[in-house]
Amino acid sequence: MGSLDLVGVISVLATPLAGVLSYWAGKKKRNNDFLQDLQKSINMLSEKNSELITDLIEVKEQNVELKVALKTLTLENDKLSKQVKDLVLQLEKVKVIPKTKKN
């Protein structure tokens, strides 16, 4: 009867032990799956961040180009405005000579 009791005790202890081992193994797999999901999310966010940085750089380059073009247009506008003022002054100095009628 002694050996039968030992088998019974081992059976009783083996069931919870197997449960604990299964839980630990499952927990490790769940943790690994969770970490893999986190890594995928990090990779996706890194790629998106890289794309956004590239887009931002392009927008900043365009902004610089537009500022240069605006400065050029402003200088050209100032130059043309001065020419118009000079022409208006010249026009004011011009005397109109009326035509005389010929007999």
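Both backbone and side-chain heavy atoms feed into the values below; hydrogens, waters and symmetry mates do not.
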#### Entry: Listed once per pair and sorted, the salt bridge (charged side-chain N to carboxylate O under 4.0 Å, His left out) pairs that draw on residues 56-77, sequence neighbours left out
none

### Query
With hydrophobic residues grouped by side-chain heavy-atom distances under 4.5 Å, do W24 and L17 end up in a single group?
yes

### Summary
Between D86 and the options Q90, Q83, K82, the side-chain hydrogen bond (donor to acceptor under 3.5 Å, both in side chains) test singles out K82

### Task
Starting at CG of L45, measure out to CG of L38 and round the result to the nearest 0.5 Å.
10.5 Å

### Task
Can you measure from OH (Y23) to CZ (R30) and round to the nearest 0.5 angstrom?
6.0 Å

#### Entry: Qualifying side chain to side chain donor-acceptor pair (under 3.5 Å) pairs with a residue from residues 33-54, counting only residues at least two apart or across chains
K29-D33, Q39-N43

### Query
Of the options D78, N77, T72, which is the one that meets T74 in a side chain to side chain contact (heavy atoms under 4.5 Å, CB included)?
D78

